[in-house]
Protein chains: 2
Amino acid sequence: MERDLKSIGALSKATNVKVTTIRYYESIGLLAEPERTESGRRVYGKETFERLRFIRHARDLGFEIDAIRELIELQSSEEQDCSHVDGIARRHLTGVRNRIEQLRSLENELERMLDQCRGGKIEQCAIMESLADHEHCISDQHEQLDIRVQPR
Amino acid sequence: MERDLKSIGALSKATNVKVTTIRYYESIGLLAEPERTESGRRVYGKETFERLRFIRHARDLGFEIDAIRELIELQSSEEQDCSHVDGIARRHLTGVRNRIEQLRSLENELERMLDQCRGGKIEQCAIMESLADHEHCISDQHEQLDIRVQPR
DNA sequence: GTTGCTTCTACAGTCGCTGTAGATTGTATC
DNA sequence: GATACAATCTACAGCGACTGTAGAAGCAAC
């Protein structure tokens with residue numbers, strides 16, 4: 001199927017994955033090394049296109065690279081029962097739910113903080129007090145909470 | 001108040017911030033360079049202890065280092081009105097809420113995927129199909145969604 | 001004196017990319 | 001054929017907020 005061969009740029013557009021990211025996936029072994037033209041440019045077939053679409057979709061769902069690597073390995077062992085796949089997805093879902101819970105308690109505390117602020121000078125700002133205040137300290141309640149809001 | 005002087009280890013325990021992290025905060029200018037003993041060890045007073053507690057609390061609430069830097073600067077301009085502080089917190093709250101929404105839609109899609117799986121072999125696994133399937137592709141709907149679930 | 005803990009500096013590694021520099025190749029237009 | 005511009009190539013640095021490592025030195029208790 002010679003007509004399906006794509007340059008890296010065409011593959012990028014078709015999958016909505018950036019060119020640099022495709023090269024990155026190759027460098028970490030998530031994508032196989034593709035064939036090259038005489039001048040050394042990458043050429044991709046339909047298989048890579050579909051694998052990349054799979055990867056993109058899994059990344060969109062928040063699966064980590066290592067989990068995707070595992071899923072791809074499992075893909076080739078078609079005979080096996082899919083409880084392993086199910087387990088990976090279920091673990092991930094649990095992670096997502098935990099994260100939502102964490103963020104919800106952040107949301108509550110931030111709301112509480114903002115409600116207390118009635119304007120005025122920084123010296124008496126309720127938000128600043130709240131941040132300096134030992135009483136509301138989250139880290140005393142649960143040891144190492146993961147707190148980053150904006151990933152990537 | 002000589003009796004309040006702490007070693008880096010003592011400060012670490014008192015604030016629940018790791019020793020390496022305290023040194024890191026110093027290196028990025030979030031904490032001032034402390035005094036040293038004759039042999040070169042860091043010695044901290046009550047001020048640093050309180051600033052570090054402030055930082056820790058703000059980090060627990062998910063504020064980024066740069067936002068914390070700004071909050072600390074505002075702290076010293078006590079005369080100013082606190083609308084700037086309020087703005088920082090409000091922006092952050094909006095970020096948290098957006099993130100929760102993103103994660104909820106991930107949660108939904110993952111649940112849907114898992115519900116479809118009825119066991120069996122990987123070849124016909126609904127989860128795998130769903131991942132390979134173009135139809136459910138999130139990235140076609142909204143361009144660059146931020147998807148990492150487990151930060152740090 | 002010796003064991004074992006803390007601290008020191010300096011630097012590499014984490015994750016998942018993204019951006020840069022400088023060179024080459026390919027395509028379209030004049 | 002010349003020229004302009006886009007796409008691609010490699011190699012490496014940078015992001016954020018730390019964490020971990022190596023190797024040396026200091027310090028306290030037995």
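No hydrogens, no waters, no symmetry mates; every other heavy atom, side chains included, goes into these values. Note that the structure is predicted; figures quoted are calculated from it, not measured. Just so we're on the same page: letters track the sequence lines, and every chain starts at 1.
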Original post:
Are Leu74(B) and Ile88(B) close enough that some pair of their side-chain heavy atoms sits under 4.5 Å apart?
Top reply: yes
**OP:** Answer whether the closest heavy-atom distance between the side chains of Glu111(B) and Arg97(A) falls below 4.5 Å.
**Re:** yes
Separation of [N] [atom2] from [X] [atom1] (nearest whole Å):
X: Arg56(A); N: dG16(C); atom1: CZ; atom2: C1'; result: 13 Å
X: Ile8(A); N: dT25(C); atom1: CD1; atom2: P; result: 17 Å
X: Ile55(A); N: dG16(C); atom1: CD1; atom2: P; result: 12 Å
X: Ile28(B); N: dC15(D); atom1: CD1; atom2: C1'; result: 13 Å
X: Ile68(A); N: dC17(C); atom1: CD1; atom2: P; result: 8 Å
X: Leu30(A); N: dC17(C); atom1: CG; atom2: C1'; result: 13 Å
X: Asp66(A); N: dC17(C); atom1: CG; atom2: P; result: 12 Å
X: Leu11(A); N: dA7(D); atom1: CG; atom2: C1'; result: 14 Å

Original post:
Is Arg36(A) near enough to dT10(D) that one of its side-chain N or O atoms lies under 4.0 angstrom from OP1 or OP2?
Top reply: yes
**OP:** Mind listing the residues from residues 19-27 of chain A sitting with a heavy atom below 4.0 Å of DNA chain C? Number order is fine.
**Re:** Thr21(A), Tyr24(A), Tyr25(A)
Subject >> Residues from residues 37-45 of chain A lying under 4.0 Å of DNA chain C - heavy atoms >> reply: Ser39(A), Arg41(A)
Original post:
How far apart are the closest heavy atoms of Phe49(B) and Ala14(B), and which atoms are they?
Top reply: CE1-CB, 3.6 Å
Subject >> From Glu101(A), Glu107(A), Gln102(A), residue fulfilling side-chain hydrogen bond (donor to acceptor under 3.5 Å, both in side chains) relative to Arg104(A) >> reply: Glu101(A)
Any donor and acceptor pair, going by atom type alone, linking the side chain of [X] with main-chain N or O of [Y] inside 3.5 Å?
X: His57(B); Y: Leu131(A); value: yes
X: Arg56(B); Y: Asn16(B); value: yes
X: His92(A); Y: Ala67(A); value: no

Original post:
Atom CD in Glu64(A), atom CZ in Arg69(A): separation rounded to 0.5 Å?
Top reply: 12.0 Å
Original post:
What residue among Ile68(A), Thr48(A), Leu30(A) forms side chain to side chain contact (heavy atoms under 4.5 Å, CB included) with Tyr25(A)?
Top reply: Leu30(A)
